[in-house]
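The block underneath contains the structure these notes are about, expressed in C-alpha cells.
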Amino acid sequence: MPIDLTAASVTEAVQKAFEGTADERVKELFSRLVQHLHDFTREVRLTGDEWFTAMDFLERVGKTCTPTRQEFVLLSDILGLSVLLDLIHHPGSGSATDSTLLGPFYVEDRPTAENGSDISGEVTGTPMFFNGRVLDSDGAPVAGARVDTWHSDGQGSYDVQMQDTLHGRLAMRALLTTDDEGRFWYRSVAPRSYPVPDDGPCGEILRAAHRSPMRPEHLHFRLHAEGFEPLITMLVRSDDPYVERDAVFGVRRSLVVDFVQRDAGESAPDGTRMDKPFQTVERTFVLARKEQ
Ligand code: BEZ
Ligand code: FE
C-alpha cells in the first residue's frame with residue numbers, strides 16, 4: 001500500500017486496492033463509490049463530528065429495522081434513491097403502464113383471493129370497489145395474470161402496523177388472478193393519505209428539513225404474467241392534497257386516478273345495493289412483453 005498519501009491522492013490508492021476484485025461489476029461499483037464518497041467529503045469538507053453523527057444515524061437506522069419495519073428502505077425512499085432506480089430502469093417510454101416504488105409494506109405471504117371477494121379482512125371503513133383490467137400493448141386481455149394489491153385503511157395504517165388490533169393477521173391485501181378477459185375485481189375499504197413511519201431516524205431527517213411525511217392516498221399493485229415484464233405500480237387519488245407533495249417522490253401523473261364517491265342507495269359494481277356511501281375505482285394496466 002502506498003504511504004504518505006494526501007487528500008488528493010488517497011482516492012486513487014483506495015481504488016487500486018480494489019483492483020484484485022474478481023467480479024468486474026463489483027470492482028466498478030466500489031471504484032465509483034469510493035470516487036463519489038471521497039469527492040463528496042472533499043467538497044463539503046466533512047468534519048469528524050459530522051461523520052460520527054452520520055455513523056451513529058446509520059447504526060440507529062439498522063437497529064430500527066424489524067421484519068415489518070424497513071428503515072433502510074425508508075431512508076432510500078425519502079432520499080429519492082428508490083424512485084431514481086425505478087426511473088433509470090423503467091423510464092416510462094412506450095405503452096406499458098408506468099411503474100413506481102414498491103414501498104416497505106409489501107408482504108410475500110399474502111393471502112390469495114377470488115375475484116369479487118372482500119379483501120378488507122374485516123377492517124371497518126368506507127367500502128371501496130376496485131375493477132381492474134390487464135391488457136397487452138396491442139389491447140388484448142392478459143388472462144391468468146397474478147395481481148397483488150395492498151393498501152392502508154381509512155386511518156392511513158397498513159395491517160402490519162396494526163398489531164394491537166389485528167395481532168399479526170393480514171388484511172387489505174391479496175393476490176388475485178385475472179379472468180379470460182383480463183379482468184380482476186375486489187371489494188375492500190377505502191385507504192387514506194398517511195405519513196411514512198416518522199417515529200424513527202428517518203423522521204428526524206424529515207423534521208430537520210421541515211419536510212412533510214405524507215403520502216397521498218393510493219393503492220399498490222404488483223403484476224406478473226407469463227411472457228410479460230413484471231410491473232410494480234400504484235394508483236394515486238386525484239383530489240388528494242398531497243399528490244404533488246409525496247414524501248417519497250413516487251407519484252407519476254399517468255398513475256393519478258379518480259376515486260369516485262357514490263351515495264348510499266346506489267348499486268355497487270357487483271350489483272349490491274349499498275346502504276352507506278362507498279367508492280369505486282377503475283383502471284386498466286398494460287404490460288410490456290418480455291423481449292425474446
Ligand atoms: C408505501 O407507499 O407503502 C410507502 C412507500 C415508501 C415509504 C413508505 C411507505
Ligand atoms: Fe403505500
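We count ligands from 1, going down the list as the structure has it; atoms in each ligand are counted the same way.
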For ligand 1, indicate whether the residue [X] contacts it via side chain, backbone, both or neither (heavy-atom separation under 4.0 Å).
{"X": "Y194", "result": "side chain"}
{"X": "V73", "result": "neither"}
{"X": "M234", "result": "neither"}

[X] [atom1]: over 12 foreign heavy atoms closer than 6.0 Å:
{"X": "Q161", "atom1": "CD", "result": "yes"}
{"X": "Y106", "atom1": "OH", "result": "yes"}
{"X": "D180", "atom1": "CG", "result": "no"}

Ionic contact status for [Y] with [X], cut-off 4.0 Å:
{"X": "D148", "Y": "R110", "answer": "yes"}
{"X": "R60", "Y": "E204", "answer": "yes"}
{"X": "E12", "Y": "K16", "answer": "yes"}
{"X": "R289", "Y": "E291", "answer": "no"}

Sub-4.0 Å heavy-atom contact, Y158 with ligand 1: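 A heavy atom of Y158 does come that close to ligand 1.
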Could you tell me, atom by atom, which parts of ligand 1 come under 4.0 Å of a heavy atom of [X]?
{"X": "L74", "value": "7 (C)"}
{"X": "F105", "value": "3 (O), 9 (C)"}
{"X": "H220", "value": "1 (C), 2 (O), 3 (O)"}
{"X": "R215", "value": "1 (C), 2 (O), 4 (C), 5 (C)"}

List in chain and number order the residues that pass side chain to side chain donor-acceptor pair (under 3.5 Å) with [X], two or more places apart in sequence or in another chain; answer none if no residue qualifies.
{"X": "S82", "result": "S76, D77"}
{"X": "D159", "result": "R173"}
{"X": "R253", "result": "E244"}

Polar contact flag for D77 and ligand 1 (N/O pairs, less than 3.5 Å):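 No, no N or O pair falls under 3.5 Å.
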Listed protein N/O/S atoms, distance to the Fe ion (ligand 2) under 2.8 Å: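 Short answer, with waters excluded from the count: Y158 OH, Y194 OH, H218 NE2, H220 NE2.
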Stepwise side-chain contact (heavy atoms from CB on, under 4.5 Å) test for S212 and Y242: CA-CA 9 Å; S212 159; Y242 299 104; 4.2 Å; yes
Nearest option to atom 8 (C) of ligand 1, as decided by whichever heavy atom of G103, P104, P216 sits closest: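 It is P104 whose heavy atom sits nearest to atom 8 (C) of ligand 1.
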